[in-house]
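The figures here come from the full heavy-atom set of this structure, side chains too, leaving out hydrogens, waters and symmetry mates.
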Amino acid sequence: MLTISIFNFMMRKVLNVKRRKAFSNVHVNGLHKKGDMFFRTVSVIVIIPILLFMPQSPIILLWAPIIITAIGEVFRAFIEWKYKKGTNDYLYTIFQLIFLLTVVYVVIDSQGLGLLTF
């Protein structure tokens with residue numbers, strides 16, 4: 001968590017991006033709001049069958065929400081690029097997504113730095 005916070009702080013300073021509120025749903029426009037609701041709905045529709053039919057596969061349970069979230073963040077970056085002209089918000093979103101996916105992959109691949117078993 002500290003590594004992610006430091007990375008976000010540095011990227012905000014380098015790209016001159018305002019800090020986002022934690023766990024907030026600040027949408028760029030109506031299209032972004034509709035797209036966000038679509039991705040949330042799809043994630044629920046995908047996760048429920050996985051829980052019901054593949055309860056023995058923890059890797060799928062880990063990666064499915066991560067992939068759905070990543071697709072939602074790519075959509076957010078696209079909307080920021082298209083509708084927030086003159087800002088670097090879309091770059092911040094892309095760099096943040098790449099860094100978070102890398103951290104999640106390392107943690108999962110190393111089995112929680114040796115603390116978890118899959």
Next on the checklist: Can you give me the closest heavy-atom contact between His27 and His32, atom names plus distance?
Outcome noted: CA-ND1, 3.3 Å
Item to check | Minimum heavy-atom distance between Ile47 and Pro65, given as atom pair plus value | outcome: CD1-CD, 3.7 Å
Checklist entry - Does Val74 reach the side chain of Ile94, with side-chain heavy atoms less than 4.5 Å apart? => result no
Item to check | Thr87 side chain near Glu80 side chain, heavy-atom distance below 4.5 Å | outcome: no
For the [atom1] atom of [X] and the [atom2] atom of [Y], what is their distance to the nearest 0.5 Å?
| X | Y | atom1 | atom2 | answer |
| --- | --- | --- | --- | --- |
| Asn88 | Met11 | CG | CE | 9.0 Å |
| Glu73 | Ile68 | CD | CD1 | 13.5 Å |
| Lys18 | Tyr92 | NZ | OH | 14.5 Å |
| Phe99 | Thr102 | CZ | OG1 | 7.5 Å |
| Asp89 | Leu15 | CG | CG | 9.0 Å |
| Thr93 | Lys84 | OG1 | NZ | 8.0 Å |

Item to check | Within 6.0 angstrom of Lys85 NZ, more than 12 heavy atoms from elsewhere | outcome: yes
Next on the checklist: If you count every heavy atom of other residues, nucleotides or ligands that lies below 6.0 Å from Trp81 atom CH2, does the total exceed 12?
Outcome noted: no
Item to check | CA sep, side-chain torsions, deciding dist, call: Ile66, Tyr105, side chain to side chain contact (heavy atoms under 4.5 Å, CB included) | outcome: CA-CA 10 Å; Ile66 292 168; Tyr105 175 76; over 6 Å; no
Next on the checklist: Tell me whether Ile4 shares a hydrophobic cluster with Phe9, the cluster being built from Ile, Leu, Val, Met, Phe, Trp, Tyr side chains joined at under 4.5 Å.
Outcome noted: no
Checklist entry - Are Val42 and Met37 in one and the same hydrophobic cluster, where Ile, Leu, Val, Met, Phe, Trp and Tyr link if side-chain heavy atoms are under 4.5 Å apart? => result no
Item to check | Pair Val17-Leu91, side chain to side chain contact (heavy atoms under 4.5 Å, CB included): steps then yes or no | outcome: CA-CA 9 Å; Val17 174; Leu91 289 174; over 6 Å; no
Checklist entry - So Asp36 and Phe75, side chain to side chain contact (heavy atoms under 4.5 Å, CB included) or not? Walk me through it. => result CA-CA 8 Å; Asp36 188 45; Phe75 178 71; 5.8 Å; no
Checklist entry - Taking the six-membered ring where the residue is Trp, are the ring centres of Tyr90 and Phe78 under 6.0 Å apart? => result no
Item to check | From CA spacing to verdict: side chain to side chain contact (heavy atoms under 4.5 Å, CB included), Arg20, Gln96 | outcome: CA-CA 12 Å; Arg20 295 181 189 160; Gln96 185 181 30; 3.7 Å; yes
